[in-house]
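Atom set for the values below is all heavy atoms of this structure, side chains included, hydrogens, waters and symmetry mates excluded.
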Amino acid sequence: MKFGVLVFPGSNCDRDVAYVTRELLGQPTRMVWHQDTDIADLDVIIVPGGFSYGDYLRCGAIAQFSPVMQQVINHAKQGKFVLGICNGFQVLTEAGLLPGALTRNRDLHFICDRVPLQVERTDTKWTQAYTTGETITLPIAHGEGLFYADRDTLSAIEDHGQVIFRYAGENPNGSLNNIAGICNRQGNVLGMMPHPERASDASLGSSDGLRLFQGLLEQIAALA
């Protein structure tokens, strides 16, 4: 499986993700500059965390117009996989690949912490390596991580089982329904505010995040 990691001006978690896919998992990985438009060779696109375009206007608002993003949209429409982490989640909502929006944290403070998450679903290719209801711990680092959607959109997200991760215990940023990560209805596009790539190397104290990537690889291999 070949991974592509997008690189925008202001990305700062792109190399962290590439370390996981290339070094820990041994998968071919290509860094994709935001002006590139040829991603046909890639199986999984990862939109990493950071501050794309300096978060001007609002997080992800400018990145959605990068030349590569139309190709990412086409990639998703073909049923291929897209993962947006933190700022990447914000980009995916701005681009219309995921519903809702990420807004300023409830207390208007930047939060950098490790938080417990409840795994809501394990019947997606992203979460096969977890157990339903399991609590895992992943780092967060964001100022605009409050997930918001209007009442009808939020109901549709819940009714269609699109919530993949919820904050367990205290809600760190005020996200509606404690939502920390959602997928599209087809299940091939996942956005999440916590950073699985920062909890993938056991030498850093946790490998809870590595199972997200391992589960995807195992399921794709099983279908091959």
Side-chain angles (χ1 to χ4, degrees), residues 1-52 63 66 68-69 71-76 78-92 95 97-98 117 119 122 124-130 136-141 164-165 180-181 183-184 187-224:
M1 176 175 289
K2 190 170 184 180
F3 288 83
V5 182
L6 302 193
V7 183
F8 297 101
S11 295
N12 66 8
C13 301
D14 44 348
R15 266 61 184 179
D16 297 347
V17 174
Y19 170 75
V20 174
T21 59
R22 183 186 292 140
E23 305 300 330
L24 297 183
L25 298 175
Q27 300 300 306
T29 301
R30 178 161 70 90
M31 310 307 288
V32 181
W33 184 235
H34 71 112
Q35 292 180 334
D36 291 346
T37 56
D38 185 2
I39 60 172
D41 61 314
L42 303 174
D43 302 299
V44 183
I45 296 294
I46 300 179
V47 191
F51 303 91
S52 58
S66 284
V68 74
M69 285 307 300
Q71 304 309 312
V72 173
I73 292 170
N74 294 337
H75 179 95
Q78 295 170 29
K80 294 183 178 182
F81 297 97
V82 179
L83 170 63
I85 303 170
C86 197
N87 185 230
F89 186 9
Q90 296 161 344
V91 174
L92 295 184
L97 282 172
L98 290 173
L117 302 175
V119 181
T122 57
T124 74
K125 290 184 174 61
W126 298 103
T127 54
Q128 296 279 346
Y130 299 110
I136 63 174
T137 300
L138 296 181
I140 57 172
I164 304 299
F165 299 107
C183 67
N184 62 346
N188 61 309
V189 179
L190 171 64
M192 56 192 298
M193 287 309 296
H195 287 264
E197 80 283 8
R198 293 183 180 176
S200 290
D201 191 331
S203 65
L204 297 178
S206 173
S207 57
D208 281 350
L210 186 63
R211 286 188 284 159
L212 182 81
F213 303 98
Q214 289 174 326
L216 178 64
L217 289 176
E218 290 169 3
Q219 289 304 308
I220 297 303
L223 295 174

Backbone N or O of [Y] within a donor-acceptor pair of the [X] side chain at under 3.5 Å?
{"X": "N184", "Y": "V189", "value": "yes"}
{"X": "H75", "Y": "F81", "value": "yes"}
{"X": "D208", "Y": "T137", "value": "yes"}
{"X": "T29", "Y": "Q27", "value": "yes"}
{"X": "W126", "Y": "G187", "value": "yes"}
{"X": "N87", "Y": "S11", "value": "no"}

Any side-chain heavy-atom pair from [X] and [Y] closer than 4.5 angstrom?
{"X": "L210", "Y": "L25", "result": "yes"}
{"X": "I45", "Y": "K80", "result": "no"}
{"X": "V47", "Y": "Q90", "result": "no"}
{"X": "D14", "Y": "L6", "result": "no"}
{"X": "T127", "Y": "L190", "result": "no"}
{"X": "I85", "Y": "C13", "result": "no"}
{"X": "Y19", "Y": "D201", "result": "yes"}
{"X": "L217", "Y": "Q214", "result": "no"}

Could you give the distance from [atom1] ([X]) to [atom2] ([Y]), rounded to the nearest 0.5 Å?
{"X": "D16", "Y": "E197", "atom1": "CG", "atom2": "CD", "answer": "5.5 Å"}
{"X": "Q128", "Y": "T122", "atom1": "CD", "atom2": "OG1", "answer": "6.5 Å"}
{"X": "K2", "Y": "L42", "atom1": "NZ", "atom2": "CG", "answer": "6.0 Å"}
{"X": "L138", "Y": "S200", "atom1": "CG", "atom2": "OG", "answer": "8.5 Å"}
{"X": "F213", "Y": "L24", "atom1": "CZ", "atom2": "CG", "answer": "9.5 Å"}
{"X": "R15", "Y": "R22", "atom1": "CZ", "atom2": "CZ", "answer": "8.0 Å"}

Residues 26-39 vs salt bridge (charged side-chain N to carboxylate O under 4.0 Å, His left out), sequence neighbours excluded, gives R30-D41

All ring-ring contact (aromatic ring centres under 6.0 Å, His included) counterparts of Y130, not counting sequence neighbours
none

Taking all atoms of both residues into account, what is the closest heavy-atom pair of A141 and C86, and its distance?
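That closest heavy-atom pairing would be O-SG, 3.4 Å.
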
Step by step, would you call M69 with V91 a side-chain contact (heavy atoms from CB on, under 4.5 Å)?
CA-CA 9 Å; M69 285 307 300; V91 174; 3.9 Å; yes

